[in-house]
Amino acid sequence: MSVSSSIGERVQQQTSNNKNVDYSLYPPFIHQMDAKLPEYSRDGDIEYPFEETHGVGDENRIRGNWSSKSDYLLACIGFTAGVGSFWKFPFLVFKNGGAAFLVPYLIMLILAAMPMFFIELVLGQFSSLAAISVWKVVPLFKGIGYAQVAISGGFAIFFNIISAWSLFYLINSFKVQIPWSHCNNSWTGEECVNEVYFQCSKYNGSLKHGRCLIDRPEFNDTVVKDIDAKIPGLEYFHKTVLMLSDDILTVGGLNWYLGLCVLACWIAVFLCLFQNVKSSGKVVYVTVILPPILATVLLARLLTLDGSLEAVLFIFQPKWEVLKDLRIWGEAAVQAFYSVSCCSGGLFTIASYNRFHNNLYKDIALILFVDVFVSIIGCLLTFSAVGFVAVRFSIPLPNFPIKDGFHLVFAFLAEALASVPVAPLYAGFYFIMILLIVHATQMFVVETIVSSLCDEFPERLRRNRRHVLTTVCTIFILLSIPFCVSCGLYWMELMAHFVLTWPLVVIAFLECMAINWIYGVDNLLDNAKWIVGYWPPFYIFWKILFKFICPIVYLSILCFLLLDWKTLKYGDYEFPYLSIVTGWCIGAFPLLLIPIFAIFQYISAKGNLTQKWWKVLYPDDAWGPALAIHRAEKFPLQIPEARRLLLPPEVEIMTGTREQYMNDEEFDEHRLISGRKSLEFGLDSRSVRSGADVKSIAATINTIPKFERETAI
């Protein structure tokens with residue numbers, strides 16, 4: 001007979017007289033010392049299932065895991081390397097010193113983006129919980145999770161509209177002649193020009209430096225005339241795709257074709273998420289791998305055009321003097337922070353489906369490298385198009401009027417590709433690439449919302465996840481349709497400037513303070529060590545970075561955004577004051593959830609004032625790895641199956657009656673303290689009621705193995 005089985009039999013004999021005792025009515029330490037426990041049952045949603053982790057299936061049988069490591073890595077890359085690499089980063093490089101901008105960008109990527117990236121991946125993988133429930137780590141800040149879900153809702157709508165625009169362009173690319181390649185359309189006006197010499201030919205002038213020079217021999221002089229011309233790509237985007245109105249208050253009509261594209265994109269998201277990460281983990285093999293291939297094809301074609309290679313060489317000539325400008329560092333910090341898509345809850349969710357012992361140190365380095373690489377590819381693609389257009393319109397590269405945002409992706413690059421030979425093919429490749437990039441991000445934004453709700457209310461929603469997904473997609477379809485009216489672009493601009501920017505920085509600062517100062521940076525790094533098996537390299541560097549540098553960086557970014565604030569414009573249209581106020585209010589709404597839920601958490605906590613603060617500032621008793629087998633690695637006395645094998649036979653069972661503890665004033669105090677003070681063998685001296693029948697505990701105190709703290713921190 002094995003030693004473990006003999007221990008189990010001896011302990012079972014000691015408890016044979018207590019078969020009818022309801023141990024659920026006793027304080028937690030009685031459960032910790034009790035050796036007679038019910039058999040494990042798989043029925044229902046078991047919070048800490050004692051699973052076998054060495055099989056080929058899911059490690060977490062209830063919640064599920066990624067089918068493979070490559071699924072997870074591609075999902076992370078698809079979520080982080082978004083469309084910002086094509087519509088913002090190239091613009092910043094062009095305006096801020098060319099290749100010299102990469103220096104502050106990479107430094108700020110380490111100081112501003114990587115710490116939050118690390119925190120969210122560690123906590124998500126450690127707890128196997130999404131954005132809301134992961135805040136069991138510091139219950140007072142649970143409102144951060146709800147704020148992240150609210151912001152994810154804004155992202156979901158925003159990315160869906162961009163997907164719909166891309167799909168609209170893609171469908172219209174399958175024509176012999178692309179509509180936005182010429183001005184012979186019903187929607188073009190007199191200001192639409194696309195010839196080499198703009199409207200300058202109407203004045204018998206010549207184009208130089210982007211301006212029309214008109215010779216007047218009769219006056220023996222030359223007149224410089226600025227031509228108010230619009231390229232066909234911009235005209236098509238405004239008048240056909242958007243049916244753009246004159247101002248934000250003019251609702252206008254609904255573009256039903258664009259509305260159908262919105263519906264099609266939401267149906268695609270629903271189908272990709274229908275089987276949870278099992279289906280989305282397969283979709284990323286298309287949405288993440290295919291875009292770089294298409295980008296390479298487009299880049300190879302554009303580099304063969306006149307002026308493209310010169311533009312690429314020009315932009316990668318560093319202007320080191322810009323490093324003295326603090327504004328450049330502020331721009332780099334903002335872009336680096338947004339580039340990894342942190343603080344929206346998506347990284348929590350993606351990491352929560354990992355196997356517990358996945359090596360996330362290597363993942364972080366790989367994902368950040370790919371993010372930078374994709375941004376550089378976006379720069380090369382954009383600048384090759386810039387060089388071609390600059391030669392076409394005789395504009396010197398330093399004076400090229402490049403713009404960022406929607407204009408760059410849907411007007412300028414679309415116009416450039418419409419001018420190359422076999423334009424429908426390359427335009428189709430381009431919009432397939434944009435559609436897939438945006439769809440990959442949108443998928444996991446919606447997955448964040450669904451998983452967060454299911455994790456927060458597992459009894460009601462986890463078994464009905466598909467119903468939750470259906471409801472979420474239906475609601476967002478209804479919320480997306482208003483952006484298909486004539487003023488939809490103006491509301492998209494408001495979202496891009498107010499909802500999806502500065503609130504993320506505020507959340508980053510609060511999240512940094514809650515995790516690094518309240519939960520403790522040492523506990524965070526302990527969790528990382530528990531997962532991987534060893535500390536992250538440069539342990540002291542991480543502690544200093546998390547506790548001191550990160551809060552200063554996030555406050556600096558927030559100050560830069562506020563001080564750099566300018567009147568919001570789109571082209572020549574200036575947004576009215578009322579719309580600006582509305583944008584600030586919408587952006588502040590997710591942040592209001594943080595104090596609201598903090599107050600709720602404090603009020604709902606039991607006990608006196610000290611006990612309430614203790615409960616909301618220390619991790620919840622349920623905080624830790626989701627699977628019991630992982631908890632048993634550090635705290636075996638928490639786990640019934642492990643405890644049977646580890647408790648010595650000399651330990652006798654503490655007994656008592658229900659009446660002894662139901663009115664015990666120290667019962668709640670013990671539940672409060674349990675898991676937050678260093679305990680040995682699961683017993684706290686203050687929780688032992690005077691008069692309780694404790695047999696031979698003192699005699700065996702030195703025979704019981706000693707373990708670390710009870711909670712998983």
Side-chain angles (χ1 to χ4, degrees), residues 81-109 208-211 231 233-234 291-292 294-336 338-339 369-420 426 430 433-434 437:
V83 73
S85 301
F86 293 88
W87 77 16
K88 187 66 177 179
F89 187 75
F91 171 79
L92 293 175
V93 172
F94 186 88
K95 291 295 185 181
N96 297 321
F101 181 76
L102 295 177
V103 175
Y105 175 76
L106 293 176
I107 293 175
M108 288 303 168
L109 191 69
K208 187 176 182 180
H209 299 299
R211 311 179 80 179
I231 59 176
L234 186 62
L294 296 176
T296 303
V297 173
L298 293 172
L299 180 60
R301 182 65 184 93
L302 287 173
L303 287 176
T304 62
L305 301 177
D306 294 337
S308 57
L309 187 58
E310 289 78 2
V312 171
L313 296 177
F314 169 80
I315 207 63
F316 281 102
Q317 294 175 358
K319 302 176 180 63
W320 299 114
E321 61 273 11
V322 301
L323 299 181
K324 301 177 182 179
D325 189 352
L326 291 179
R327 184 188 62 82
I328 304 299
W329 288 85
E331 294 276 9
V334 172
Q335 178 61 23
Y338 292 144
S339 66
F369 172 79
V370 173
D371 182 70
V372 174
F373 178 76
V374 171
S375 297
I376 294 176
I377 291 296
C379 283
L380 293 174
L381 187 64
T382 301
F383 297 144
S384 59
V386 166
F388 170 62
V389 175
V391 169
R392 184 183 175 204
F393 294 119
S394 301
I395 302 175
L397 285 173
N399 300 330
F400 194 87
I402 189 173
K403 297 182 180 179
D404 61 343
F406 308 132
H407 185 280
L408 179 59
V409 174
F410 293 101
F412 173 73
L413 288 175
E415 170 71 18
L417 290 170
S419 304
V420 302
Y426 294 106
Y430 173 71
M433 179 188 71
I434 297 297
I437 290 174

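Remember, it's a predicted structure, so these values are computed and weren't measured experimentally. All residue numbers in this chain count up from 1 along the given sequence.
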Open item on the list: Please evaluate residues M433 and F86 with respect to the criterion side-chain contact (heavy atoms from CB on, under 4.5 Å), reporting the C-alpha separation (whole Å), side-chain torsions for both, the decisive distance (0.1 Å), and the verdict.
Closed with: CA-CA 11 Å; M433 179 188 71; F86 293 88; 3.9 Å; yes

Open item on the list: I'd like to know whether L380 forms a side-chain contact (heavy atoms from CB on, under 4.5 Å) with F316, so could you lay out the CA-CA distance, the side-chain angles of the two residues, the decisive distance to 0.1 Å, and finally the verdict.
Closed with: CA-CA 10 Å; L380 293 174; F316 281 102; 3.5 Å; yes

Open item on the list: Let's go through W329 and I107 carefully: what are the C-alpha distance in whole Å and the side-chain angles of both, what is the deciding distance for side-chain contact (heavy atoms from CB on, under 4.5 Å) to 0.1 Å, and is it a yes or a no?
Closed with: CA-CA 9 Å; W329 288 85; I107 293 175; 3.8 Å; yes

TODO: Check step by step if side-chain contact (heavy atoms from CB on, under 4.5 Å) holds for F89 and V372.
DONE: CA-CA 10 Å; F89 187 75; V372 174; over 6 Å; no

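For the atom pair F91 CZ and E331 CD, the distance stands at 8.0 Å (nearest 0.5 Å). Distance CG/L302 to OG1/T382: 9.5 Å, rounded to 0.5 Å. Here D371 contributes atom CG and I376 contributes atom CD1; the two are 10.0 Å apart, rounded to the nearest 0.5 Å. To the nearest 0.5 angstrom, S308 atom OG is 9.5 Å from R301 atom CZ.
Taking the ring centre of F94 as origin, the terminal cationic atom of K403 falls outside the region bounded by 6.0 Å and 45° from the ring axis.
Between A385 and L413, the shortest heavy-atom contact is CB-CD2, 3.6 Å. What you find for G233 and E415 is that their closest heavy atoms are N-OE1, 3.1 Å. For the residue pair F101 and V93, the shortest heavy atom distance occurs at CD2-CG2, 3.9 Å. Of all non-hydrogen atoms in P90 and C379, the two that sit nearest each other are CA-SG, 3.8 Å. When all heavy atoms are compared, the tightest approach of V409 to Y430 is O-OH, 2.8 Å.
Considering L303, T296, L298, V386 as possible partners of L381, the one that fulfils the side-chain contact (heavy atoms from CB on, under 4.5 Å) test is L298.
I377 is not listed as a side-chain neighbour of S85, based on a closest heavy-atom distance of 4.5 Å or more. Side-chain contact check for S339 versus Y105: some heavy-atom pair is nearer than 4.5 Å. Using a 4.5 Å cut-off on side-chain heavy atoms (C-beta onward), V374 and I437 make no contact. Within the 4.5 Å cutoff, side-chain heavy atoms of L234 are placed close to those of H407. Counting only heavy atoms from C-beta outward, the side chains of V322 and N96 never approach each other to under 4.5 Å. L323 is listed as a side-chain neighbour of P104, based on a closest heavy-atom distance under 4.5 Å. Counting only heavy atoms from C-beta outward, the side chains of F388 and L417 never approach each other to under 4.5 Å.
Residues F400 and F412 place their aromatic rings such that the two centres sit under 6.0 Å apart.
Heavy-atom neighbours of D325 CG from other residues, nucleotides or ligands within 6.0 Å: above the threshold of 12.
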